[in-house]
Amino acid sequence: MRKSWKVTVIVILSLLTDQATQAQLVGYPQHYNVGAIVLSDGTQLRGTIMLYPATGVVQVEMANDTVYTYPAHVVNCVAVEEEQERIRADKLVSTLRVFRPYHVVSKSTLQSTWAFFEQISDGPIVLLRYQRPSPIFTGSMVRMSSLDNFFLASGTNNVLPLKSPRKDLLAFFKHQAARIEQYVKENDLRYTNARELAFIVNYANSLATLQP
């Protein structure tokens with residue numbers, strides 16, 4: 001009986017891991033009840049949004065149940081209204097979330113592709129967030145959470161990953177590093193918190209001597 005229980009648990013964990021891996025490879029969908037798509041030609045469509053960040057695809061379901069699907073390269077931005085209770089406090093930047101398409105190189109295939117990133121700071125250097133799905137196991141319960149991955153962008157074809165947010169951000173803004181560190185210390189900010197990291201990038205952008 002005990003052996004059978006162990007086998008069952010292993011199979012369940014294996015299936016969940018496979019599902020999480022497939023979600024990352026195929027494209028983990030993000031569903032929003034209220035949102036809008038702005039196309040490159042200025043066309044706006046409002047409705048229910050289904051966003052696939054990894055595959056660079058977005059769908060909008062209109063009030064008349066018509067569904068339109070668009071690849072990232074014809075989209076200017078996707079704006080959605082998030083339900084605040086769905087976002088943990090340490091991940092909340094704003095209930096109004098804006099996603100933009102960026103041209104990137106896939107690590108697995110080394111091919112150039114498009115993906116959607118959430119813009120969480122102002123420019124000219126923009127802080128982006130990409131949330132990867134991650135299963136959380138609590139006893140017999142399993143729920144899907146997300147891991148924040150941060151990037152800096154100066155254009156749609158230039159996305160720099162912040163693998164170590166503090167180290168990489170200070171290296172990017174090397175001429176402003178000392179002032180940034182002072183600002184972070186004075187305001188007790190964290191480089192690993194999305195909201196606070198956005199404050200840091202906005203401050204760096206505000207510095208008159210910005211030289212990326």
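Taking the side chain as every heavy atom from C-beta outward, F116 and V75 approach each other to under 4.5 Å. Inter-residue side-chain proximity for V184 and E196 is flagged as unmet; no heavy-atom pair is nearer than 4.5 Å. Using a 4.5 Å heavy-atom threshold, the side chains of F173 and I125 count as touching. Counting heavy atoms from C-beta outward, L39 and L45 have side chains that approach closer than 4.5 Å. Contact annotation: the side chain of N205 never approaches that of D122 to less than 4.5 Å [non-hydrogen atoms, C-beta and beyond]. Contact of the L128 side chain with the Q119 side chain is registered, since non-hydrogen atoms from C-beta on lie closer than 4.5 Å. You'll find the side chain of L152 stays beyond 4.5 Å of the side chain of D168, heavy atoms only. Contact annotation: the side chain of T113 never approaches that of H103 to less than 4.5 Å [non-hydrogen atoms, C-beta and beyond].
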Any chance you could lay out the side-chain contact (heavy atoms from CB on, under 4.5 Å) test for T66 and E61, step after step, and finish with the verdict? CA-CA 6 Å; T66 303; E61 182 177 348; over 6 Å; no
Worked check of side-chain contact (heavy atoms from CB on, under 4.5 Å) between Y130 and Y102: CA-CA 11 Å; Y130 185 92; Y102 284 86; over 6 Å; no
Any chance you could lay out the side-chain contact (heavy atoms from CB on, under 4.5 Å) test for K167 and Y191, step after step, and finish with the verdict? CA-CA 9 Å; K167 178 182 176 182; Y191 288 91; over 6 Å; no
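Proximity of the aromatic rings of Y203 and Y183 is defined here by a centroid distance below 6.0 angstrom, and this criterion is met.
Hydrophobic clustering (side-chain heavy atoms under 4.5 Å, transitive across Ile, Leu, Val, Met, Phe, Trp, Tyr) groups L207 together with L127. Taking hydrophobic clusters as Ile, Leu, Val, Met, Phe, Trp and Tyr residues chained together by side-chain heavy-atom distances below 4.5 Å, V74 does not share a cluster with V98. V34 is not connected to Y68 by any chain of hydrophobic side-chain contacts under 4.5 Å among Ile, Leu, Val, Met, Phe, Trp and Tyr, and they are in different clusters. M62 and V58 fall within the same hydrophobic cluster, where Ile, Leu, Val, Met, Phe, Trp and Tyr residues are linked whenever their side-chain heavy atoms come under 4.5 Å apart, directly or through other members. Hydrophobic clustering (ILVMFWY, side-chain heavy atoms < 4.5 Å, transitive): F150 and L160 are in one cluster.
In terms of heavy-atom proximity, E81 sits nearest to L96 at OE1-CD1, 4.0 Å. Taking every heavy atom of both residues into account, S121 and V201 meet most closely at OG-CG1, 3.7 Å. Among all heavy-atom pairs drawn from H73 and S40, the shortest one is O-OG, 3.8 Å.
A side-chain N or O of D148 and one of Q131 form a donor-acceptor pair less than 3.5 Å apart.
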